[in-house]
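First, the structure itself, so that you have it in front of you.
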Amino acid sequence: MYTLSSKLKLTAIIFMIVGAIGLVIGFLQAPSNLDDVKEIIATEGHHGETSHHEEAEANFADAEQGVVNDAHAAGSHDAEHLEHKLHQLQNKPWAAVYVAAFFFFMISLGALAFYALQYASQAGWSPVLFRVMEAISAYIVPGGIIMFVLLALSGFHLNHLFVWMDPEVVAHDEIIQNKTAYLNVPFFLIRAAIFLAGWFLFRHFLVKNSRKLDEATDNAYFKKNFKLSAGFLVFFLVSESMMSWDWIMSLDPHWFSTLFGWYVFSSMFVSGITVIALVSIYLKSRGYLPFVNNSHIHDLAKFMFGISIFWTYLWFSQFMLIWYSNIPEEVVYFISRIENYSLPFFGMVALNFLFPLLVLMNSDFKRMNWFVVMTGIIILVGHYLDVFTMVMPATVGESWFIGLPEISAVFFFGGLFTFVIFNALTKAPLLAKRNPYIKESEHFHY
């Protein structure tokens, strides 16, 4: 059985403390009124500001000098712009927390889906990795609770992440008004509770049966998990799609894509598999997984490669079809990202496609642990940027920057994620010894 080292435990806690302190500072630095926004615009400026904002800034200066002829109209325009800017800058630490919280939660959910897929397909190669998958999926409970709290805080108007939750905006927006039957706070939170409860329950019973199987004299619990996994995958495909519409796509309530559910799924799936590979390699290097060989790592790397290509296919399909059709309501999503987020937007395509393609195409490289680790880290950075570019344009607009709140949020949730995973590994033997395919898995060679 794995023993959580005091050094790893302390490191995770330090990351959480440093991240929490950074987040507190980030929230304290956020402007609290329009005067703070004026001061920020006048003294510092912001990365990625457009000529529109430069013009607005010039208008502020002109108004102070008495050059603007229609002072009342200009003042009204400036006040509206300042209010919008205030919401964006106040959203910045909230959005940083939301991106990091969702990123680590989706890794756990992706690992759970991959775990269920192994049971449903009765895979013979993977049972030696089941305890690692179970441990990574353990974060789904604290991570899911945090996500629900963030969604509830948005519903209580403590931030402006979801613009459709603002009654004043809805009152003047016909498009959002037509979606209120679906996009309303009570129904939104009810759906979130149903999704999370379903994922929690499926994970609880899958792991519970897996542990009982170790002490069983027959395969009854294996058969239960086979049926549970098949049911979970059906529930997961529906709930994950709706979750991606609710938690990510509704940040841009004027925009929609019929591919979006699959797109988010591919991102969480490859991220979950990547973390399974990284944790397995770490434990193997410490002598805790002697039954895991390079063929198992090779197969995980094949999934990392294959799902990266699948993600690229979905990214290109969504981008190219929308761009080619050139419908204003659709292309606005990509215009805002290309104009204001060009570096992270195209950078994550290179990290999520070109790098895995060039590195993992060679079969020999998939057996080199340090190569898989390096590629895995790049993939995770790329998919963090993917979530970043999905969330930030709708919440902070041009006022983005990867600074203290963003880095602190990654530290905090990364520390919590690591602590939960490695603590869960201490709860059961690292080998699912009674699984009917365990011998095949132990002797698996490709």
Side-chain angles (χ1 to χ4, degrees), residues 12 15-16 18-19 22-23 26 47-48 91-111 136 139-140 142-144 146-147 150 161 240 243-244 247-249 251 260 263-279 304 307-308 310-312 314-315 337 340-356 359 372-396 400-421:
F15 268 71
M16 291 171 61
V18 171
L23 285 174
H47 174 79
N91 271 344
K92 193 172 183 295
W94 284 105
V97 170
Y98 193 84
V99 169
F102 182 82
F103 174 69
F104 286 102
F105 173 77
M106 83 171 190
I107 292 175
S108 181
L109 185 57
I136 296 172
Y139 181 78
I140 198 173
I146 291 171
M147 284 301 304
L150 290 174
L161 294 178
E240 182 277 330
M243 176 272 288
S244 66
W247 298 4
I248 302 294
M249 193 164 68
L251 293 167
F260 199 76
Y263 178 76
V264 174
F265 162 75
S266 64
S267 189
M268 72 167 56
F269 204 51
V270 71
S271 298
I273 294 169
T274 298
V275 173
I276 293 171
L278 296 180
V279 173
M304 291 164 60
I307 305 301
S308 293
F310 178 59
W311 174 89
T312 308
L314 292 173
W315 180 89
R337 282 152 179 80
N340 302 315
Y341 291 76
S342 57
L343 182 60
F345 182 70
F346 291 110
M348 62 96 174
V349 176
L351 295 177
N352 294 335
F353 170 57
L354 292 179
F355 197 87
V359 174
V372 176
V373 170
M374 176 185 65
T375 308
I377 293 173
I378 295 297
I379 288 174
L380 291 179
V381 171
H383 284 282
Y384 170 82
L385 291 177
D386 188 14
V387 177
F388 185 87
T389 55
M390 284 192 284
V391 172
M392 287 294 182
T395 55
V396 304
W400 74 277
F401 184 72
I402 298 181
L404 182 63
E406 290 77 13
I407 296 172
S408 298
V410 171
F411 271 43
F412 177 80
F413 288 103
L416 178 62
F417 182 73
T418 302
F419 182 85
V420 170
I421 288 176

What are the two closest heavy atoms between Met348 and Gly382, and how far apart are they?
-> CB-O, 3.4 Å
Any side-chain heavy atom of Leu416 within less than 4.5 Å of one from Ile146?
->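 A side-chain contact exists here, since the closest heavy-atom pair is under 4.5 Å.
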Say you draw a straight line from OG1 of Thr395 to CG of Leu251; how long is it, rounded to the nearest 0.5 Å?
->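 One finds 6.5 Å between OG1 of Thr395 and CG of Leu251.
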Which atom names give the shortest non-hydrogen contact between Phe265 and Glu240, and what distance separates them?
->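 In this case the closest contact between Phe265 and Glu240 is N-OE2, 3.2 Å.
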If you measure from CG on Leu343 to OG1 on Thr389, what distance do you get to the nearest 0.5 Å?
->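 Atom-to-atom, Leu343:CG and Thr389:OG1 are 11.0 Å apart.
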Look up atom OG in Ser267 and atom CD1 in Ile379, then write down how far apart they are to the nearest 0.5 Å.
-> 10.5 Å
Separation between CZ (Phe355) and OG1 (Thr375), nearest 0.5 Å, reads 5.0 Å
pair Val97-Phe413: side-chain heavy atoms closer than 4.5 Å = yes
Mind telling me whether Phe104 and Phe417 have parallel, tilted or perpendicular rings, with 30° and 60° as the class edges?
->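 Answer is tilted, since the angle falls between 30° and 60°.
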Measure across Ser271 and Leu380 and return the closest heavy-atom pair with its distance rounded to 0.1 Å.
->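 Scanning both residues completely, I find the closest heavy atoms to be O-CD2, 3.9 Å.
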What class does the angle between the rings of Phe102 and Phe105 fall in, given that below 30° is parallel, 30 to 60° is tilted and above 60° is perpendicular?
-> tilted
How far apart are the closest heavy atoms of Pro405 and Gly26, and which atoms are they?
->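 Answer, listing the atom of Pro405 first, then Gly26: CG-CA, 4.1 Å.
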OG1/Thr418 to CE/Met16 distance, rounded to the nearest 0.5 angstrom?
-> 10.0 Å
Exam field: side chain Arg337 to backbone Pro393, donor-acceptor pair closer than 3.5 Å = no
Tyr341 and ring pair (Phe, Tyr, Trp, His ring centres under 6.0 Å): which partner among Trp400, Phe346, Phe401?
->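 For Tyr341, the ring pair (Phe, Tyr, Trp, His ring centres under 6.0 Å) test succeeds with only one of Trp400, Phe346, Phe401, which is Trp400.
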Measure across Ile248 and Tyr98 and return the closest heavy-atom pair with its distance rounded to 0.1 Å.
-> CD1-CE2, 4.3 Å
Exercise: do Asn352 and Trp315 side chains pair donor with acceptor under 3.5 Å = no
Would you say the side chain of Met243 lies within less than 4.5 Å of the side chain of Met147, judging by non-hydrogen atoms?
-> no
Please lay out, stage by stage, how Thr274 and His383 fare under the test side-chain contact (heavy atoms from CB on, under 4.5 Å).
-> CA-CA 11 Å; Thr274 298; His383 284 282; over 6 Å; no
Spacing of Phe411 atom CZ and Ser408 atom OG [to the nearest 0.5 Å] =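 If I round to the nearest 0.5 Å, the distance is 7.5 Å.
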Kindly indicate whether the side chain of Leu385, heavy atoms from C-beta on, has any atom under 4.5 Å from the side chain of Ile402.
-> yes
Indicate the atoms forming the closest heavy-atom contact of Leu161 with Asn91, along with that distance.
->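 Taking every non-hydrogen atom into account, N-OD1, 3.6 Å.
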Flag the pair Glu406 / Val99 as yes when at least one side-chain heavy-atom distance between them is below 4.5 Å, and no otherwise.
->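 They are not in contact (no side-chain heavy atoms under 4.5 Å apart), so the answer is no.
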Leu150 versus Trp94: any side-chain heavy-atom pair under 4.5 Å?
-> yes
From Phe15, Tyr384, Phe103, residue fulfilling side-chain contact (heavy atoms from CB on, under 4.5 Å) relative to Val410 = Tyr384
